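Owing to the predicted nature of the structure, the values given are computational and were not obtained by experimental measurement. The basis for the numbers below is simple: all heavy atoms, side chains too, and nothing from hydrogens, waters or symmetry mates.
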Amino acid sequence: MTLYPKLILDALATVRYPGTGKNLVEAEMVADNLRIDGMTVSFSLIFEKPTDPFMKSMLKAAETAIHAYVSPDVQVTITAESKQVARPEVGKFLPQVKNIVGISSGKGGVGKSTVSANLAVALAKLGYKVGLLDADIFGPSMPKMFQVEDARPYAERIDGRDMIIPVEKYGVKLLSIGFFVDPDQATLWRGGMASNALKQLIADAAWGELDYFLIDLPPGTSDIHLTVVQTLAMTGAIVVSTPQAVALADARKGINMFTNDKVNVPILGLVENMAWFTPAELPENKYYLFGKEGAKKLAEEMNVPLLGQIPIVQSICEGGDNGTPVALDEDSVTGRAFLSLAASVVRQVDRRNVEMAPTQIVEMHK
């Protein structure tokens with residue numbers, strides 16, 4: 001039997017690609033590298049993405065079609081090609097980012113997202129290149145806090161890959177799952193779906209060069225936390241708590257989660273949010289509504305730095321609701337508090353990087 005290209009292409013025309021409903025030839029998925037040598041045939045199928053869910057089934061179906069419509073004696077070799085460059089391997093994400101910091105809390109309601117948003121803005125005001133990922137998959141709040149609820153990030157082809165372009169506001173690059181879901185509907189995702197969505201926002205986004213990449217993690221402990229620490233080389237974690245005893249108990253669990261042998265992420269420090277209430281008309285007065293210096297005492301007990309104490313003032317709530325973080329106002333009590341917190345975070349990160357440098361040098365020479 002003599003083989004020729006039309007025989008092979010006619011056989012491949014019987015195979016339909018589920019993604020478009022077209023056959024492999026119509027969809028122009030058969031590469032122009034078809035080679036025939038006696039009863040041996042080789043060629044490639046071209047897919048849009050290297051993660052195409054139908055890739056394996058299409059390779060098998062194409063081989064089966066040639067055996068069924070040409071001859072079972074044909075030796076077939078089919079390789080897969082992709083129009084897009086493959087995503088980097090886990091552990092090599094964000095190569096242009098210098099420091100990756102997770103911001104966590106043991107429980108909800110302690111103002112973790114408010115701290116994350118204002119810390120990002122404060123770092124940007126200090127002159128650093130900052131990215132902020134809203135990883136609170138089930139309760140994304142960053143779009144509202146930055147007044148970009150109507151923003152719709154778009155994809156752009158960069159170096160052979162379709163990359164999501166983050167929204168930029170107040171000098172901060174921002175992405176949130178809130179940009180891609182209906183804000184009036186609950187996000188009902190299983191853990192695997194949430195983790196995959198988060199990986200896409202990390203690895204398939206054009207974050208570019210950043211000094212600090214902040215990740216606003218969901219409260220408590222979940223698959224999301226494990227996804228982040230297993231996907232990225234974390235510089236460290238910040239734990240947010242109020243001075244209240246109930247919150248401190250959960251903050252202790254959060255610290256233990258990160259320092260666990262299986263996670264092993266350094267704690268950069270604690271932030272005591274709602275440390276005291278200060279009336280706008282009496283800025284020197286302090287009223288300790290949730291207890292006094294509880295997070296400070298916990299930091300001393302667990303031998304971690306206290307990075308800052310953030311007071312409660314009405315402008316924090318108003319700024320979060322209006323999309324104007326209080327850190328923008330350097331003359332306000334809370335604005336100064338967040339700038340001080342940002343400076344503390346920078347010092348702590350620099351200290352850790354200096355401590356890690358000898359270890360990295362040893363690893364390079366192994």
Residue pair R252 / M302: nearest heavy atoms and the distance that separates them: CG-SD, 3.7 Å
Heavy-atom closest pair (L268 atom, Q348 atom, distance to 0.1 Å) is O-CG, 3.1 Å
N/O donor-acceptor pair under 3.5 Å between S332 side chain and G335 backbone: yes
Does the E272 side chain pair with the main chain of A295, one donor and one acceptor, at a distance under 3.5 Å? yes
For S241, does its backbone N or O pair with a side-chain atom of S105 as donor and acceptor, under 3.5 Å? no
Connected via hydrophobic side-chain network under 4.5 Å: V172 and I165: no
Run the side chain to side chain donor-acceptor pair (under 3.5 Å) test on T242 and N273 for me, step by step, so that the C-alpha distance in whole Å, both residues' side-chain angles and the decisive distance to 0.1 Å come before the verdict. CA-CA 5 Å; T242 64; N273 195 31; over 6 Å; no
Which value, rounded to the nearest 0.5 Å, describes the distance between I164 atom CD1 and F179 atom CZ? 11.0 Å
Besides I46, the hydrophobic cluster formed by Ile, Leu, Val, Met, Phe, Trp and Tyr side chains linked at under 4.5 Å, directly or via other members, contains none
Indicate, with yes or no, if the rings of W207 and F213 have centres closer together than 6.0 Å. yes
Taking D211 first and then K129, would you say they form a salt bridge - that is, a charged N and a carboxylate O separated by under 4.0 Å? no
In Å, rounded to the nearest 0.5 Å, how long is the span from CD1 of I202 to CG of L133? 5.5 Å
Do V349 and V345 make a side-chain contact, defined as non-hydrogen atoms from C-beta onward lying under 4.5 Å apart? yes
Donor-acceptor check, side chain of H67 to backbone of V74, threshold 3.5 angstrom: yes or no? yes
Single-linkage hydrophobic cluster V97~V130, side-chain heavy atoms < 4.5 angstrom: yes
Hey, mind stepping through F338 and L123 against side chain to side chain contact (heavy atoms under 4.5 Å, CB included) and telling me if it holds? CA-CA 9 Å; F338 278 115; L123 285 168; over 6 Å; no
Checking K49 side chain against S82 main chain: does a donor-acceptor pair fall under 3.5 Å? no
Please answer whether the main-chain N or O of A117 pairs with a side-chain N or O of D216 as donor and acceptor at a distance below 3.5 Å. no
So which atom in R157 and which in K83 form the shortest heavy-atom distance, rounded to 0.1 Å? NH1-O, 3.8 Å
Donor-acceptor under 3.5 Å (R336 side chain, D331 main chain): yes
Do N33 side-chain atoms and S44 backbone N/O form a donor-acceptor pair below 3.5 Å? yes
Residue pair L217, D136: steps toward the side chain to side chain contact (heavy atoms under 4.5 Å, CB included) verdict: CA-CA 5 Å; L217 294 163; D136 194 347; over 6 Å; no
Give the minimum heavy-atom separation between A327 and A122, together with the two atoms involved. CB-N, 4.1 Å
Any chain of hydrophobic side-chain contacts (each under 4.5 Å) joining V304 to L298? yes
Closest heavy-atom contact between A275 and Q309? CB-CB, 3.9 Å
Could you tell me whether K6 sits above the aromatic face of Y4, with NZ or CZ closer than 6.0 angstrom to the six-membered ring centre and within 45 degrees of the axis? no
Whether K125 and E330 form a salt bridge (side-chain N of Lys/Arg under 4.0 Å from carboxylate O of Asp/Glu) is what I want to check. yes
List the atom pairs, donor and acceptor, that lie under 3.5 Å between side-chain atoms in residues 54-65 and the rest of the protein, sequence neighbours left out.
from	atom 1	to	atom 2	distance (Å)
S57	OG	F54	O	2.9
T64	OG1	K60	O	2.9

Does some side-chain heavy atom of L210 sit less than 4.5 Å from a side-chain heavy atom of Q96? no
If hydrophobic clusters are built by linking Ile, Leu, Val, Met, Phe, Trp and Tyr wherever their side-chain heavy atoms come under 4.5 Å apart, do Y69 and V30 end up in the same one? no
What pairs of donor and acceptor atoms, side-chain ones from residues 11-25 against any protein atom, are under 3.5 angstrom apart with sequence neighbours left out?
from	atom 1	to	atom 2	distance (Å)
T14	OG1	A11	O	2.5
R16	NH1	G21	O	2.8
Y17	OH	D52	OD1	3.3
Y17	OH	D52	OD2	2.5
T20	OG1	K22	N	3.2
N23	OD1	V25	N	2.9
N23	OD1	E26	N	2.7
N23	ND2	A13	O	3.4
N23	ND2	E26	OE1	3.3

Could you report the tightest heavy-atom contact between L201 and L175, atom names first, then the distance? O-CD1, 3.8 Å
Side chain to side chain contact (heavy atoms under 4.5 Å, CB included) for L119 and I238? Distances and angles first, verdict last. CA-CA 11 Å; L119 175 57; I238 295 172; 4.0 Å; yes
Classify the ring geometry of F146 against Y170: parallel below 30°, tilted from 30° to 60°, perpendicular beyond 60°. tilted
Pair N264, T259 - check side chain to side chain contact (heavy atoms under 4.5 Å, CB included), show working. CA-CA 5 Å; N264 197 27; T259 55; over 6 Å; no
With a 4.5 Å cut-off on side-chain heavy-atom distances among I, L, V, M, F, W and Y, is there a chain of contacts connecting I103 to L126? yes
